[in-house]
Amino acid sequence: MTYRRAWIPAVVGGLVLAVLVWWAGASADALELPGATEQFGIEGVRVLQGWLGPWTYELPTTLGEYGPPADDRYRDLHEVSLQIRYATLVVCFLAGALLLMRRLPPVGARRIWASFLAVWSWCVVSGMFATALSAPWGIAARGSGSYRFLANLASSIGGSLHVVIGAGLVAAGVTVLVGGIAAKGADPLPQTIVRTGAARLAASLGTAVIAVSLVILSYQRVAAAIQEAGAAADVGDLVRQLLLMGGWSGPVEGMSTTWLLYRATDALVLVVVWFALRMLPALLTRATFPALMAGAICATVLGLLLSQVVRAAVDGPDAYGALHAWTALGAGTPAAVVFGLLAGVVAAGVLRVAGRGHDPVREEPGPAEPSGPVQPTSSPELSETSTPPTPSGPPQPSEPAQPAGPSKPDGGDPVPAG
């Protein structure tokens with residue numbers, strides 16, 4: 001799909017995502033009604049307020065908490081923070097969706113599902129970037145911009161993404177639907193030739209990069225060492241957000257079955273990433289570095305979300321309510337983006353170095369076959385006894401025959417015939 005066609009679903013999906021997130025943030029006032037507590041309970045209302053709080057224009061209770069009261073500067077900082085957040089959400093989604101629609105157009109059953117899952121995952125990535133880039137203004141609006149800035153920044157980066165996850169499902173569906181309509185009448189999709197051995201090697205090495213964060217760095221003792229390695233606790237908090245996709249330790253006595261189920265959810269992330277990286281070069285219209293990096297990021301985020309959904313199902317009902325069981329959804333997204341980017345670089349580098357990635361090959365329609373029986377064709381070189389082909393065009397007049405007799409060479413005497 002060309003950029004001229006790809007920008008249409010990207011713009012429509014970005015607007016749908018922004019409108020849905022804004023509508024959800026504007027609905028935060030409804031949680032203060034008396035019926036909300038009866039419907040969701042006290043703990044449920046608190047959880048929903050935490051989910052909707054980062055996207056609402058209502059003034060938070062922490063506004064100017066550590067500064068002079070009733071200062072309009074904090075109100076302005078809060079509004080600027082939300083403006084930057086929504087603008088970053090739309091711009092980041094447009095950049096990723098435009099690339100995904102061009103290299104992974106929703107044409108065919110496999111590409112439709114792949115495009116939907118990739119765009120949905122990219123919505124979560126856009127929400128993470130939006131909260132991260134707008135965090136300095138939100139921290140300054142509390143009146144304590146310089147106090148534990150890195151710790152507050154780490155908390156904002158790993159903040160609530162539940163609203164974006166829910167709105168992203170609708171935005172991804174609309175984007176894929178509009179993309180399918182925009183792709184009608186386009187040229188046939190090129191096919192990238194990638195050998196099986198190179199694709200498996202690239203997928204395995206890319207998955208190994210994800211395993212570094214999920215298995216090695218997320219181990220409890222290693223994570224504690226990372227926390228203590230920072231010059232200050234604030235630095236350790238930020239580094240943990242960027243490097244750790246989860247957290248695990250050895251099995252506790254009497255909980256071996258639950259421990260194995262939790263490790264199975266971690267293995268699910270690696271399985272999703274491996275299969276995505278294995279199939280991605282064949283699904284892309286051209287396996288370029290940006291396309292593979294974006295696809296690897298989306299695959300890592302998707303695997304992380306699926307593992308968290310399975311883990312919530314394994315945990316079962318929560319003592320604090322049904323909503324409290326989903327509070328960890330979206331946690332670890334910053335590390336998934338970092339290591340997904342690295343995995344995409346490794347996979348693209350392996351395909352490039354192995355020399356298995358070729359230019360796209362378009363299947364051009366061949367000449368029409370004759371309807372009658374096929375006549376045998378003769379050799380282009382005529383034999384001595386073959387009849388020369390008849391020249392096309394009007395017949396040329398033949399020269400008169402010369403009479404037989406003695407021939408006279410140029411400049412010589414007549415030669416007798418006998």
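Every heavy atom of this structure was used, including side-chain atoms; hydrogens, water molecules and symmetry mates were not.
Note that CD1 of I226 is 12.0 Å distant from CG of D237, once rounded to the nearest 0.5 Å. Taking CG of L33 as the start and CD of E38 as the end, the distance is 11.0 Å to the nearest 0.5 Å. Taken to the nearest 0.5 Å, the CD atom of Q308 stands 10.0 Å off from the OG1 atom of T327. Atoms OG and CG, from S126 and L94 in turn, are 8.5 Å apart once rounded to the nearest 0.5 Å. Separation of atoms CG (L117) and CG (L306) is listed at 8.0 Å; rounding is to 0.5 Å. How far CG of L77 is from CD1 of I139: 11.5 Å, rounded to the nearest 0.5 Å.
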Any chance you could lay out the salt bridge (Lys or Arg N to Asp or Glu O under 4.0 Å) test for D266 and R263, step after step, and finish with the verdict? CA-CA 5 Å; D266 294 337; R263 301 293 71 78; 3.1 Å; yes
Using the ring pair (Phe, Tyr, Trp, His ring centres under 6.0 Å) rule, take Y219 and W248 through it: C-alpha gap first, then chi angles, then the decisive distance, then the call. CA-CA 5 Å; Y219 185 58; W248 66 282; 4.7 Å; yes
Side chain to side chain contact (heavy atoms under 4.5 Å, CB included) between V310 and L268: does it pass, once the steps are laid out? CA-CA 9 Å; V310 174; L268 178 62; 3.9 Å; yes
Which is it for M293 and T288 under the side chain to side chain contact (heavy atoms under 4.5 Å, CB included) test, yes or no, and what are the steps along the way? CA-CA 9 Å; M293 287 187 291; T288 60; over 6 Å; no
Apply the test side chain to side chain contact (heavy atoms under 4.5 Å, CB included) to residues W137 and L82: give CA-CA distance (whole Å), side-chain angles for both, the deciding distance (0.1 Å), then the verdict. CA-CA 9 Å; W137 286 266; L82 285 176; over 6 Å; no
Full working for side chain to side chain contact (heavy atoms under 4.5 Å, CB included) between L292 and L351: CA-CA 10 Å; L292 285 172; L351 292 176; 4.0 Å; yes
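For residues 110-134, no residue pair satisfies the ring-ring contact (aromatic ring centres under 6.0 Å, His included) rule, not counting sequence neighbours.
Checking side-chain atoms of R111 against main-chain N and O of P105 turns up no donor-acceptor pair under 3.5 Å. Panel note: side chain T333, backbone G330; a donor-acceptor pair is recorded below 3.5 Å. Under a 3.5 Å cut-off, the side chain of R75 and the backbone N or O of A141 do not form any donor-acceptor pair. At least one donor-acceptor pair closer than 3.5 Å links the side chain of S121 to the backbone N or O of C298. A donor-acceptor pair is defined here as one N or O able to donate and one able to accept, closer than 3.5 Å; such a pair exists between the side chain of S81 and the backbone of S134. Looking at R103, its side chain never comes within 3.5 Å of a backbone N or O of A287 through a donor-acceptor pair. For W326 (side chain) and L323 (main-chain N/O), no donor-acceptor pair under 3.5 Å exists by modelled atom type. For T56 (side chain) and G25 (main-chain N/O), a donor-acceptor pair under 3.5 Å exists by modelled atom type. Checked by atom type and distance alone, the side chain of S213 never pairs as donor or acceptor with a backbone atom of I210 at under 3.5 Å. In this structure, the side chain of W55 does not engage the main chain of W23 through any donor-acceptor pair within 3.5 Å.
With a 4.5 Å cut-off on side-chain heavy atoms, L304 and T300 do not count as touching. With contacts defined as side-chain heavy-atom distances shorter than 4.5 Å, the pair R5/T2 qualifies. Put simply, the side chain of S155 does not reach to within 4.5 Å of the side chain of Q241, judged on heavy atoms. Counting only heavy atoms from C-beta outward, the side chains of T131 and V164 never approach each other to under 4.5 Å. For the pair V124 and L305, the minimum side-chain heavy-atom distance is below 4.5 Å. Side-chain contact between M101 and V119: present, with at least one pair of heavy atoms (C-beta onward) separated by less than 4.5 Å. Residues P9 and V176 have side chains not in contact (no heavy-atom distance under 4.5 Å, counting atoms from C-beta outward). Within the 4.5 Å cutoff, side-chain heavy atoms of V125 are placed close to those of V301.
Scanning both residues, L150 and L238, for their nearest heavy atoms gives CD2-CD2, 4.0 Å. Between A18 and V90, the shortest heavy-atom contact is CB-CG2, 3.6 Å. For the pair L52 and A24, the tightest heavy-atom approach, listed with the atom from each and the gap, is CD2-O, 3.6 Å. Of all non-hydrogen atoms in L243 and F339, the two that sit nearest each other are O-CE1, 3.4 Å. Nearest approach of L280 to A291, heavy atoms of both residues: CD2-O, 4.5 Å. Looking at every heavy atom in both residues, I157 comes nearest to M128 through O-CG, 4.0 Å.
In this view, R46 and E43 satisfy the salt bridge (charged side-chain N to carboxylate O under 4.0 Å, His left out) rule, not counting sequence neighbours.
Residue Q220 qualifies as open at atom CD: its count of foreign heavy atoms under 6.0 Å is 12 or below. At most 12 non-hydrogen atoms from other residues, nucleotides or ligands lie less than 6.0 angstrom from CD1 of I42. Surrounding CZ of F275 are at most 12 heavy atoms belonging to other residues, nucleotides or ligands under 6.0 Å away.
Taking the six-membered ring for Trp and the full ring otherwise, W22 and Y86 have centroids separated by 6.0 Å or more.
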